[in-house]
Amino acid sequence: MEAKRSPNAPIAVLDSGVGGIGVLREVKRQLPHEHLLYFGDSANAPYGERSRRELITLIDAHAKRLLSKCKALVLACNTATAVAADRLRARYPTTPIIGMEPALKPALAVTPHPRVLVLATETTLREEKFRALSVRFSTATVLPVPAPGLVRLVEAGLADSAESETYLRQLLAPFADPAPDAAVLGCTHFPFAKGAIRRVLGDAIPLFDGAAGTAGELARRLSAAGLLRPVASPGTVTLTSSDQAALPLYRRLWTQPRNTT
Ligand code: DGL
């Protein structure tokens with residue numbers, strides 16, 4: 001079954017948990033008139049520690065439910081994109097389905113042959129999509145850094161905490177010398193831990209993530225499909241989760257000032 005094709009229908013934004021809320025903010029900033037329906041699967045997070053088969057089952061079911069009432073789907077999750085974006089696009093060929101991949105391209109603007117840390121989930125880093133991305137941007141030396149502990153800390157509301165800092169110090173110690181030229185936050189949970197990441201890496205190393213690019217791509221796809229909401233009043237934002245107990249954290253991260261992330 002295809003998605004609801006009405007320009008007035010909401011846009012679904014899906015992540016394993018709270019990470020996609022950073023993407024949701026960018027979507028709200030770039031498309032303020034759209035109705036947005038966020039779903040975080042916190043009951044099943046972290047996705048990065050689940051098998052491919054489990055992820056496909058979960059994401060297929062969420063996509064089916066969300067697309068019965070939404071006109072487009074944003075996979076605000078690098079892991080879900082790596083595993084399920086292609087199959088969802090095959091299943092819903094006329095529906096805009098926007099995925100995310102680690103933002104390597106902007107890191108190439110820093111210097112022509114950068115050494116780039118890519119922090120992401122194990123699943124993202126082991127999937128074919130990431131291998132293809134590294135080949136596409138082969139002038140960069142990519143240093144993959146799986147950071148499963150950071151997903152758990154962010155889901156626990158400890159994104160910018162002493163615990164995150166300790167975890168990151170240990171994780172990133174092997175990459176301190178020579179210092180990398182840039183770091184890509186290839187998991188949507190990680191921008192919420194930018195404070196701790198900066199304290200460990202220092203302010204001189206630029207950090208990149210894919211939220212703004214994803215929202216921009218969504219805007220282009222909706223426009224091309226004639227699906228932009230034609231009403232100039234502000235859209236609504238609805239936050240939902242498979243774990244009701246996680247909703248207060250979703251609301252906190254949604255309303256927290258941007259400059260803290
Ligand atoms: N936020 C997700 C991503 O961008 C996954 C985090 C997880 O649940 O492991 O990859």
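Atoms within a ligand are numbered from 1 in the order they appear, just like the ligands themselves. The analysis underlying the following values was restricted to heavy atoms, covering all of them including side chains, and did not include hydrogens, waters or symmetry mates.
- The closest side-chain donor-acceptor pair between Thr121 and Thr79 falls under 3.5 angstrom.
- Ligand-side atoms of ligand 1 in range of Val151: 6 (C), 7 (C), 8 (O), 9 (O), range being under 4.0 angstrom from any heavy atom.
- Per-residue contacts place Pro46 under 4.0 angstrom from the following atoms of ligand 1 (heavy atoms of the residue considered): 7 (C), 8 (O), 9 (O).
- Applying the 4.0 Å criterion to heavy atoms of Asp15 picks out, from ligand 1, the atoms 1 (N), 2 (C).
- The side chain to side chain contact (heavy atoms under 4.5 Å, CB included) test with Leu207 is passed by exactly one of Leu201, Leu117, Val184, Leu119: Leu201.
- Leu67 contributes atom CG, which lies 5.5 Å from atom OH of Tyr92 (distance to the nearest 0.5 angstrom).
- Taking atom 9 (O) of ligand 1 as the reference point, the nearest protein heavy-atom neighbour is Gly48 N, 2.8 Å.
- Contacts between Thr121 and ligand 1, counted as non-hydrogen atom pairs separated by less than 4.0 Å, involve the side chain only.
- Within the 4.0 Å heavy-atom shell around ligand 1 one finds Cys77.
- The structure places CE of Met100 at 9.5 Å from SG of Cys187, a figure rounded to the nearest 0.5 Å.
- By the 3.5 Å distance cut-off applied to N or O atoms, Asn78 is counted among the residues near ligand 1.
- Salt bridge absent: Arg229 and Glu34 never bring a charged side-chain N and a carboxylate O closer than 4.0 Å.
- Distance from atom 10 (O) of ligand 1 to its nearest protein heavy atom, with residue and atom name: Thr79 OG1, 2.6 Å.
- For atom 7 (C) of ligand 1, the closest non-hydrogen atom of the protein is Tyr47 N, 3.2 Å.
- What sits closest to atom 6 (C) of ligand 1 on the protein, heavy atoms only, is Ser16 OG, 3.5 Å.
- No single ILVMFWY cluster, assembled from side-chain heavy atoms under 4.5 Å apart, contains both Leu168 and Leu125.
- The closest side-chain donor-acceptor pair between Ser42 and Glu155 falls under 3.5 angstrom.
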